[in-house]
Amino acid sequence: MENEIRDFILYLHEEKKTSVNTELSYKRDLQKLQSFLSGQGIEDVGRITETSLNSYVLYLEKNQFAPATVSRHIAAVKAFFHFMLKKGMVSEDVTERLKAPKIEKKAPEVLTVEEAARLLEQPGKDAPKDIRDKAMLELLYATGIRVTELISLNLTDVNLAGSFIHCESKGKERIIPLYPAAVDALAVYMQNIRPKMIADINEQALFVNM
């Protein structure tokens, strides 16, 4: 099975152009499967059955692996067998009926009004970075946008006069209104702080580093 795992990782790297971290994750998970099967006397991929894979899943669950971790292992095994079937290394896909455990969805934790207020008060008041961070927190609190959306904003996405921002993510565009405190914090940052933080006057990113 070692050779098949090596060929699979090479396939991911050369044909799928996966990241190094993804390849390491697949390799680690498949090597764990290999170790389990070896303990069962199974060394040849042709001898792997649906029953032996179900036994592996039970082994993971009995050893108290989190459902998300078990699901990741199953995804790795399925991808591995799809590859081997495609390359003619096996005659059937024994992972076809292999199912991942249900992952309980937890309700997101929400800040209380007092906690949100304390968060917004965290940045200092004088240093350029503090004023920038204050504007970022006020904008996050006002709009509920993701951090990835926040750092992707450009100057042209902000309309201080109209008290709104334009946000685009995954092909969807939104116009999001701002409350006065967020507008004020943005105005101070954009007018007094940001010009001192940029090295290139043509820089369009709204939030920049020193």
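Residue numbers count from 1 along this sequence.
- Distance alone, capped at 3.5 Å, is enough to place a donor-acceptor pair between the S152 side chain and the T148 backbone.
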Test log, rule side chain to side chain donor-acceptor pair (under 3.5 Å), inputs S19 and T22
CA-CA 5 Å; S19 68; T22 298; 2.9 Å; yes
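- Between L10 and R6, every side-chain heavy-atom pair lies at or beyond the 4.5 Å cut-off.
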Kindly list each side-chain donor-acceptor pair under 3.5 angstrom involving residues 136-147, sequence neighbours excluded, with atom names and distances?
unit_1, atom_1, unit_2, atom_2, d
E138, OE1, Y179, OH, 2.7
E138, OE2, K134, NZ, 3.2
T143, OG1, L139, O, 2.7
T143, OG1, I145, N, 3.3
R146, NH1, E149, OE2, 3.4

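- Residue F65 is not grouped with residue L58 when hydrophobic side chains (ILVMFWY) are merged at heavy-atom distances under 4.5 angstrom, including chains of intermediate members.
- To the nearest 0.5 Å, atom CD of residue Q34 and atom CD of residue E2 are 6.0 Å apart.
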Side-chain donor-acceptor pairs of residues 37-45 under 3.5 Å, sequence neighbours excluded:
unit_1, atom_1, unit_2, atom_2, d
S38, OG, E43, OE2, 2.9
D44, OD1, G46, N, 3.0

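- Contact check on D7 versus K87 returns no salt bridge, with no Lys/Arg side-chain nitrogen under 4.0 Å from an Asp/Glu carboxylate oxygen.
- Among residues two or more places apart in sequence or in another chain, the salt bridge (Lys or Arg N to Asp or Glu O under 4.0 Å) test is passed with K32 by none.
- N159 places a side-chain N or O within 3.5 Å of a backbone atom of A161 that can act as its donor or acceptor partner.
- Other residues, nucleotides and ligands place more than 12 heavy atoms under 6.0 Å from the CD atom of E203.
- Contact check for L60 versus V70: side-chain heavy atoms found under the 4.5 Å cut-off.
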Given side chain to side chain contact (heavy atoms under 4.5 Å, CB included), test M190 with L155 step by step and report yes or no.
CA-CA 9 Å; M190 293 175 67; L155 290 176; 4.0 Å; yes
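- From L98, atom CG reaches atom CG of L53 across 6.0 Å, with rounding to the nearest 0.5 Å.
- Residue pairs meeting the side-chain hydrogen bond (donor to acceptor under 3.5 Å, both in side chains) criterion with at least one member in residues 184-194, sequence neighbours excluded, do not occur.
- Of all the heavy atoms in T49 and V94, the pair that sits closest is C-CB, 4.1 Å.
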Take M1 and L33, measure what side chain to side chain contact (heavy atoms under 4.5 Å, CB included) needs, and give me the verdict at the end.
CA-CA 10 Å; M1 187 172 172; L33 170 65; 3.6 Å; yes
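- Distance CD1/I175 to CG/D157: 8.5 Å, rounded to 0.5 Å.
- The distance from atom CD of E4 to atom OH of Y11, rounded to the nearest 0.5 Å, is 15.5 Å.
- No hydrogens or angles considered: a donor-acceptor pair under 3.5 Å links the side chains of D93 and T95.
- Scanning all heavy atoms of the two residues, the minimum distance from A76 to D29 falls at CB-CB, 4.0 Å.
- Going from atom CZ of F80 over to atom OH of Y26 covers 12.5 Å, rounded to the nearest 0.5 Å.
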Give the intermediate values and the outcome of side chain to side chain contact (heavy atoms under 4.5 Å, CB included) for residues V183 and L178.
CA-CA 6 Å; V183 173; L178 304 175; 3.7 Å; yes
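- In this structure the side chain of E61 never reaches within 4.5 angstrom of the side chain of P67, judged on heavy atoms.
- Applying the side-chain hydrogen bond (donor to acceptor under 3.5 Å, both in side chains) test to E173 and every residue at least two apart in sequence or in another chain returns H166.
- Ring orientation note: the planes of F8 and F83 are tilted relative to one another, at an angle of 30° to 60°.
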Side chain to side chain contact (heavy atoms under 4.5 Å, CB included), that's the test. Do I176 and F164 meet it? Break it down for me.
CA-CA 5 Å; I176 309 174; F164 67 83; over 6 Å; no
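- Minimum heavy-atom separation, F81 to E92: CD2-O, 4.5 Å.
- Not a single side-chain hydrogen bond (donor to acceptor under 3.5 Å, both in side chains) links N202 to another residue, sequence neighbours left out.
- Rounded to the nearest 0.5 Å, atoms CD1 (I131) and NZ (K196) are 8.0 Å apart.
- K17 contributes no side-chain N or O that, together with a main-chain N or O of L12, makes up a donor-acceptor pair within less than 3.5 Å.
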